Amino acid sequence: MINFQYARATDLADALRQIAAEPGAKFIAGGTNLIDLMKEDVERPPRLIDISRLPLREVEQTRHGGLLIGALVPNSDLAYHPLIERHYPLLASAILAGASAQLRNMASTGGNLLQRTRCYYFYDTATPCNKRTPGSGCAARYGVNRIHAILGTSDACIATHPSDMCVALAALDAQVHVAGPSGGRTLTFADLHRLPGTTPERDTNLAADEIITAVELPERGFAANYSYLKIRDRLSYAFALVSVAAALELEHGTIKEARLALGGVAHKPWRNVSAEAAMRGEPANRATFARAADAILRDAKGFAHNAFKIELARRAILRALSQAAAGTPQSQSVKKIR
Amino acid sequence: MTYIGTSISRVDGPAKVTGAAKYAGDTAASDLAYGAVVTSTIAKGRIATIDTGAALRIAGVLDVLTHENRPRMARRTAAYKDFVAPEQGSPFRPLYDDKILFSGQPIALVLAEEWEIARFAATLVRVEYEAEPFATDLQVERERAAAIEQPLKSRGDADKAYGDAAVRHEAEYFIPIEHHNPIELYVSTVLWDGDGKLTVHDKTQGVQNVRDYLCGVFSIKPDKLRVMSPFMGGGFGSGLRPQYEAPLAVLGAQALERSVRLVLTRQQMFALCYRPATIERLALGAQSGGTLESVSHEAIAVTSQYEDFFRNDSGWSGLLYKSANAKYGHRLAHVDLPTPSDMRAPGAATGVYGLECAMDELAVALKLDPIELRLRCYSDRDQHDDVPYTSKKLRECYRQGAAAFGWDRRNPEQRSMRDGSELVGWGMASGVWDAWQVDTAARIVLTANGHAEVASACSDIGTGTHTIMAQVAADLLGLPLEAVTVRLGDSTLPKAPVEGGSWLAASVSHAIAKTADEIRKELWQLAKAMPNSPLAASHLEDIALVDGRIIDKKGNGGGVPITDAMRHGRRDRLECETTNSFAEDKKHARNTHSAIFAEVKVDEELGVIRVTRVVNAVAAGRILNTKTARSQIMGAVVGGIGMALHEETLIDHTLGRMMNSNIAEYHVPVNADIHDIEVIFVDEPDEIINPLGIKGLGEIGIVGVAAAIANAIYHATGKRVRDLPITLDKLLP
């Protein structure tokens, strides 16, 4: 771990001033990922700017009938927030599928969006990794890649995004509010994270001097018909091999609106609007769900150890959409899959 | 007996939960310097240059030790051969020379005023290597694996009998590299006492083994070096041999002439030792009635390039079941990894996994219930030496385990049992381990206030040794448990072996029993000498120590209080030390046995596996403490579930490096993976093995568990997965 400086930001403007003043400086909130990476010497920020005391801890209703979630709302507070539980249970479920109770208590909303991949090679400075050291190569591509991506990969990187919460936020069409030196801007969730391409070192489209201030949820919450299904190597406290956020709006058995996002399969939460469009107006049955699965997995490509994820994802999509249609979402406390 | 055989909570429990128990890394010292290790990033070759300049320029860095500037270490291989070292080979020597033998090898030790400074400076050490080609893949190296001489003799003609058998089963089973991953990190705190004296607080399962090793490596006289390890946060065999944190911390203390603490990281611990990746090749031939005619078992396992580590994998197959013809083999593939080590039930956890899956497959081929097959092959004699067992209640294990599990409700057809969307499978397996006993000494100091201190240089690796030592001493001295203090984990105490192999409970208990008997004799002499002694006419063989008194079992009256006898005899303390001695007995075999029953539920579409029930029925002689014993078996079953479903060290064979060297990505079971575990101790009186009838429990609980689960998964799904761990992708089509 690098010998770093530490400073506390007094307000948002101060945070932005401080981050602009020192290249390589990082914001720290819960620190559940950043500190790990610093211990491994993967992240080497000369300065940490502590934003954990900034007033970004509110969950407020918006004029448009949605919710504005402050960037510092802890994951556990968010999962158990009455408005989230009632109107966005998909989000609550996805959060509770991730990490452990202790980590969720520390982890912030903004930090969850910005957590970095769990690729073994990214974490091990003794190995090549384009994401950690651009130009050094991707050892995962021909190495141990059972947990790696099957969609949107590039020659440079086959890492996955590890978040569960983000998969639900992608499905729910969340927006991300950002502040920067020249004011604020709003990104759609799909625009936040990037595909690796030739610059896998960049996880998101945020500039180095920008900060996430809030995540906004639209009114539509799919509270009646949803499921977050996470498939992993043990029944808790493991990253997803494949996870599925499924949400439906039904009218007499016909799909009025559908959302489908995948985790554990790509460099970002994976969503494909054409797969969703294919379900609209169709009956909520396995044939429809299978067509959606085919559509979202059309370009999937496996490597030496992870090709199974394609079939696993297909089956998990069928199950999650069936759970959503039946109104019997996957429980995150009872680990038995419905 | 008041305490032996009962459920006693750990006597060190309060100290552990309040933090009063000091582990090796907790040891306080003034003027403590901190170490951080730099490890190799290549698997094989040599260090061309090592530049410590940038690290040394960091304020607070005291020194950086490498093979170029370290204090003197022994040259002879013999100096590095600890008690548990393999016979063949030359043990690894940290910072000894420029050779790289495995990725993750320690190559520099940074010493600093603060641990954080040492850790930062360690990232600044620059190393240039001359790399050489390496090999780490057992599946590739198996063709070059060399046979080792087997201590076990084959019998009959297994090949011919296999060819003649009516029903045959032949298959390979694979166990990947697994790591012990105890929660406590490996750590050594070396206290620089001056006058060249060192006290080493080390995480180890054998303080005298570490003392002898360090004395040999650094040419230190044994009275100048003391090793302490009174508490240990888990070992599972990883602490049987001295690990490199101890010699490196001593090197640091010698270089600085001050106290040094060195804590290894979780990642670094992956390069200490591991259960070797092993291929188990089984061939079973049977008559159609279900009697075995031929058993062939060959293990092919990895070891390092510098030591031949192996354990008995295949011999269990010719021991557990009756077969006139049996053949064993063991081959070693030398790879560029550290030397493997003992890990809970070494050899048996892997070998019996192969055997018990093969027996299940044979039962299917014979259309026999798996218990029935095992009963038809039941052996009342050890067939290696053709001798009876001191005791063997495996039949009772099958009976009681099956009854508790409800085995008679099992539908033998695969894929026949369901619970909603899940397939249900029931599988079983047998387990077997040795009941060893080794020379161990104990000292008892009885003081006139009726308090006893019992001491031995053994270790409590979390199994409850403190507690059983107190129980045995209290019972045999006739004292309340609270009046007994236990000391262990100190190399200056009476001689004890490393804590492993399930031998410690029997060994140290008999050391205490023998010593307590000497105390009994002395107390009797004192009591007889008292005026008007009620014991004046008594005989020693009738004397017992009960409830704080010396009593004559044949006489009337309450005898004499121990404290009175000591006061009258003007003895403030009685002190006695003896070494146990077990009679040489080549006429009996000594083993523990078990029967494991497992229920799995498998989501058919997704392959997700849940182990919903395990019953482990164990026959292991007299159980000293039913509470700690049950905990030990439960923990072993959890380890077996991990072995079956989760544990695997992933190696990048292009880099020669372990890639999931952390407990986020090296999966062990979490609470959500563990459901009902029932432990049954089958009554197994044994008057032959040793006076107290103790056999030991450390290993037996894990043996066979992975096989029972694998067999249950087959019963549930009809799919036979022979390569561990059985992850969900292996169940997808």
Side-chain angles (χ1 to χ4, degrees), chain A residues 1-4 36 38-42 44 99-100 103 118-121 123-128 139-147 162 229-239 241-242 305-316 318-320 322 332-338, chain B residues 39-42 58-60 103-104 116-117 119-124 265 267 419-422 601 603-610 612 641-642 645-646 648 650-655 657-665 667-675 725 727-733:
Chain A
M1 185 187 265
I2 194 170
N3 191 14
F4 60 91
D36 273 2
M38 289 172 70
K39 285 182 185 168
E40 298 302 322
D41 211 33
V42 173
R44 302 171 60 91
S100 65
L103 286 164
R118 310 302 294 208
C119 172
Y120 315 120
Y121 299 90
Y123 260 78
D124 184 350
T125 56
T127 66
R141 205 176 167 79
Y142 301 103
V144 181
N145 51 33
R146 187 168 170 277
I147 62 171
L229 179 62
K230 180 177 183 179
I231 309 297
R232 46 190 149 179
D233 276 328
R234 59 185 168 193
L235 295 176
S236 183
Y237 199 51
F239 292 94
L241 292 167
V242 167
H305 308 125
N306 73 344
F308 75 92
K309 280 191 177 188
I310 301 170
E311 180 59 26
L312 180 64
R314 194 187 142 73
R315 291 163 179 235
L318 282 174
R319 184 68 65 88
S322 301
Q332 302 305 343
S333 50
V334 178
K335 304 295 176 181
K336 180 181 172 180
I337 294 174
R338 289 175 189 274
Chain B
T39 59
S40 71
T41 58
I42 67 161
I58 299 297
S103 190
E116 290 81 1
I117 295 172
R119 180 173 61 173
F120 170 48
T123 67
L124 303 177
T265 64
Q267 287 78 350
D419 177 11
S421 63
E422 291 176 310
K601 295 190 176 176
D603 186 288
E604 189 176 7
E605 193 178 25
L606 299 167
V608 175
I609 304 162
R610 300 187 301 136
T612 45
I641 292 171
L645 302 184
H646 305 123
E648 178 177 23
L650 301 167
I651 296 178
D652 183 317
H653 298 299
T654 309
L655 299 170
R657 191 166 170 89
M658 298 173 187
M659 292 314 303
N660 58 337
S661 55
N662 59 72
I663 47 177
E665 300 297 343
H667 293 147
V668 298
V670 294
N671 280 328
D673 296 299
I674 304 303
H675 297 267
T727 46
L728 60 89
D729 47 301
K730 295 177 184 173
L731 294 182
L732 295 177

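Chain naming here is simple, since letters A, B, ... match the order of the sequence lines and numbering starts at 1 in each. Only a predicted model underlies this, so the values are computations on that prediction, with no experimental measurement involved.
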Part of [X] within contact of chain B (heavy atom distance under 4.5 Å):
{"X": "A:Asp41", "result": "side chain"}
{"X": "A:Asp124", "result": "side chain"}
{"X": "A:Arg146", "result": "side chain"}
{"X": "A:Lys336", "result": "both"}
{"X": "A:Arg44", "result": "side chain"}

May I ask you to name which of [options] has the most heavy-atom pairs under 4.5 Å with chain A?
{"options": "B:Ile42, B:Val670, B:Asn660, B:Thr41", "value": "B:Val670"}
{"options": "B:Asp603, B:Leu124, B:Ile117", "value": "B:Asp603"}
{"options": "B:Thr39, B:Thr727, B:Thr612", "value": "B:Thr727"}

**OP:** Select one option (side chain, backbone, both, neither) describing which atoms of B:Ile58 are under 4.5 Å from chain A's heavy atoms.
**Re:** neither
Original post:
Contact part of B:Ile674 toward chain A, heavy-atom cut-off under 4.5 Å: side chain, backbone, both or neither?
Top reply: neither
[X] versus [Y]: any side-chain heavy-atom pair under 4.5 Å?
{"X": "B:Leu732", "Y": "A:Arg315", "answer": "yes"}
{"X": "B:Leu728", "Y": "A:Leu241", "answer": "yes"}
{"X": "B:Lys730", "Y": "A:Phe308", "answer": "no"}

Original post:
So with a 6.0 Å cut-off around CG of B:Asp419, is the heavy-atom count from everything else above 12?
Top reply: yes
Subject >> Chi angles and distances behind the side-chain contact (heavy atoms from CB on, under 4.5 Å) call for A:Leu229, B:Leu606 >> reply: CA-CA 11 Å; A:Leu229 179 62; B:Leu606 299 167; 4.2 Å; yes
**OP:** Report yes or no: do B:Asp652 and A:Tyr121 form a side-chain donor-acceptor pair below 3.5 Å?
**Re:** yes
How many angstroms lie between atom [atom1] of [X] and atom [atom2] of [Y], to the nearest 0.5 angstrom?
{"X": "A:Leu312", "Y": "B:Glu605", "atom1": "CG", "atom2": "CD", "value": "10.0 Å"}
{"X": "B:Glu422", "Y": "A:Ile337", "atom1": "CD", "atom2": "CD1", "value": "8.0 Å"}
{"X": "A:Leu235", "Y": "B:His675", "atom1": "CG", "atom2": "NE2", "value": "6.0 Å"}
{"X": "A:Asn306", "Y": "B:Asp729", "atom1": "CG", "atom2": "CG", "value": "10.0 Å"}

Original post:
Given A:Arg234, which of B:Val668, B:Ile609, B:Ile641, B:Leu645 fulfils the side chain to side chain contact (heavy atoms under 4.5 Å, CB included) condition?
Top reply: B:Val668
Original post:
Can you list the steps and then say if A:Tyr237 with B:His667 is a side-chain contact (heavy atoms from CB on, under 4.5 Å)?
Top reply: CA-CA 9 Å; A:Tyr237 199 51; B:His667 293 147; over 6 Å; no
Looking at [X] and [Y], what are the two nearest heavy atoms and their distance?
{"X": "A:Tyr120", "Y": "B:Met659", "value": "CB-O, 3.5 Å"}
{"X": "B:Phe120", "Y": "A:Met1", "value": "CB-O, 3.1 Å"}
{"X": "A:Ile231", "Y": "B:Val608", "value": "CG2-CG2, 4.1 Å"}

Original post:
Can you tell which of A:Val242, A:Leu318, A:Thr127 has the highest number of heavy-atom pairs within less than 4.5 Å of chain B?
Top reply: A:Thr127
